[in-house]
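Numbered from 1 within each chain, the chains take letters A, B, ... in sequence-line order.
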Protein chains: 2
Amino acid sequence: MSNAWQEDVQAAVAAGIRISDQHIVDKVRRAVLTQRLPPGTRLPEVTLGEVFGVSRSVVRKALTRLAADHVVDQRPNQVARVRAPSIEETRETFAARRLVEGEVVALLAGQLDDAAQLALEQEAQREIEAHRRGDEPARIEHSLALHHRLAELSPNRVLGAMLTDLILRTSIVIALYKRPSLASCYLDGDHPRLLTQLRAGEPERAREVVDEHLRALENLLDLGPRETETDLMAILGRPSPAEA
Amino acid sequence: MSNAWQEDVQAAVAAGIRISDQHIVDKVRRAVLTQRLPPGTRLPEVTLGEVFGVSRSVVRKALTRLAADHVVDQRPNQVARVRAPSIEETRETFAARRLVEGEVVALLAGQLDDAAQLALEQEAQREIEAHRRGDEPARIEHSLALHHRLAELSPNRVLGAMLTDLILRTSIVIALYKRPSLASCYLDGDHPRLLTQLRAGEPERAREVVDEHLRALENLLDLGPRETETDLMAILGRPSPAEA
DNA sequence: GAAGTCATTTTTGTATACAATGAATCGACG
DNA sequence: CGTCGATTCATTGTATACAAAAATGACTTC
């Protein structure tokens, strides 16, 4: 529990910044996203409280909100843990994101003002540069920022909020299931290609580009079938017909 | 604050049923859905605590979760209130639900086993009967149950959970914006038509039926531009022509 | 009479104490 | 030696006390 993560937080506390449940939510979310808090990590209330310099009341509210955001598992009488979505849920999350982000970019195609379009292209450009110089954390940062901006720009705010949630959840599972052999989950040209379609104002082409992009991303992951508790239960629970 | 709603709850408490934050969430959600707690209603923590016979700790957790579910507004240092989504948000919620529920039924078409299909048809039948005898609460109950079952049956659980959320939110705004002249928001034949397509296994037809159903439902609402505070200002500022 | 200001009250924010639950450890027994 | 069981420890669940903030209302002043 005493890792680099603590230092950031304690620095912030020392700097006199007011800590509220929102701060804790943000910090933990970021830490999970960047895998400084790997899935399964225990998050005891008192420990978190000490780290942030607040009491359990505040921590509890933060954990409840993180549970609503699918970032942590909060089960009765048990310590909260960083959630580790299953392979199946990972596939389903990607499918949901394809649907929602596809719709968002279809709505957005041809509707962006110059400032918004430029901001998106800037993020794409910076992602490319970060990739060129091999700065993977920066690349992820800009890639996330681009998608996050799309969610914010969505004319349908309900869909936008749903997309924000799905971006977070896919990021978590990407960190979780990334093939160790791959240095990066960078898909060359995908983001610029999307921006071209957005500028051209072709909703269905934009939707297709997003769909392909997310499918390619999912294929970069190692989602081979893996043993889960439930499968084991099913197998051990009821004897097979051959067993009598 | 002393309405029929309290009685139900106090009965439950008296019956010795254990009250937890989940119970409070359920109860409030139901009460909001059935408009026993109309939008804007103040939900002070102590009052709620007294009603349910628990302390503020439990109530607070429930309110936080209800806020995450978009049922209540929880703003710092202010009493939580039942949320009243704007007209714009209502339209966006319907659009989101068309997208998600359309996808869910497309996934479901031709994939339902007999038990599931039968359960759905039973709900549809009961809705029709309730409508025939003019029992609107029962009709709503069965209509909601049908859609809720679709969400549960979704092979993609992530989409299913999103749909559950959207069903709740649309129900709230239907109660909020229903034309007073209409006795019911019943659309004759829509649900049986959907079930036919599900059984026939035609994903795209099922998607279309859902899309049309939800558009028709939205059109039953009174979503004309309404006075917000600013509009009120404008109206009260200048007397109407007939008023002199 | 209207507007601003200050005290009062209501309500939420936070910390903490105690109860209850679950996990872990150690020991006894087969 | 392994397994079952009870005790101990760690951790969450709940209630409550106090602090801080916002809403209310009365009062003063112009």
Worksheet item: Any ion pair linking A/Glu45 and A/Arg56 (charged N to carboxylate O, less than 4.0 Å)?
Response: yes

Item to complete: Identify, with sequence neighbours excluded, every residue that meets salt bridge (Lys or Arg N to Asp or Glu O under 4.0 Å) alongside A/Arg126.
Response: none

Worksheet item: What is the distance, rounded to the nearest whole Å, between atom CD of A/Glu45 and atom P of C/dA20?
Response: 18 Å

Practice prompt. Enumerate the residues from residues 61-77 of chain B whose closest heavy atom to DNA chain C is under 4.0 Å, giving them by residue number; use none for an empty result.
Written response: B/Pro76, B/Asn77

Hey, what are the protein-to-nucleotides 15-19 of chain D N/O distances that come in under 3.5 Å?
from   : atom 1 : to      : atom 2 : distance (Å)
D/dA15 : OP2    : B/Ser55 : N      : 2.7
D/dA15 : OP2    : B/Ser55 : OG     : 3.0
D/dA15 : N7     : B/Ser57 : OG     : 2.5

Item to complete: With the side chain counted from C-beta on, respond yes when A/Arg169 and A/Arg83 share a heavy-atom pair under 4.5 Å apart, and no when they do not.
Response: yes

Practice prompt. Go through the steps for A/Arg97 and A/Thr170 under the test side chain to side chain donor-acceptor pair (under 3.5 Å), then give the verdict.
Written response: CA-CA 8 Å; A/Arg97 179 167 164 189; A/Thr170 41; 2.7 Å; yes

Fill in: Between D/dA22 (P) and B/Arg81 (CZ): distance, integer Å
15 Å

Worksheet item: Do B/Thr90 and B/Tyr177 touch side chain to side chain, with heavy atoms closer than 4.5 Å?
Response: yes

Practice prompt. Could you check B/Arg36 against B/Thr34 for side chain to side chain donor-acceptor pair (under 3.5 Å), going step by step and ending with a plain yes or no?
Written response: CA-CA 5 Å; B/Arg36 281 175 297 171; B/Thr34 56; 3.1 Å; yes

Worksheet item: OP1, OP2 of C/dT12 versus side-chain N and O of B/Arg60: anything below 4.0 Å?
Response: no

Response to the item:
note: B/Gln78, atom CD; D/dA23, atom C1'; distance rounded to Å ~ 9 Å

Practice prompt. Considering only NZ, NE, NH1 and NH2 on the basic side and carboxylate oxygens on the acidic side, decide whether A/Arg91 and A/Glu88 come within less than 4.0 Å.
Written response: no

Worksheet entry | Nearest heavy atoms of A/Glu92 and B/Pro155, plus distance in Å | OE2-O, 3.0 Å

Fill in: Spacing of B/Leu43 atom CG relative to C/dT10 atom P, expressed in whole Å
19 Å

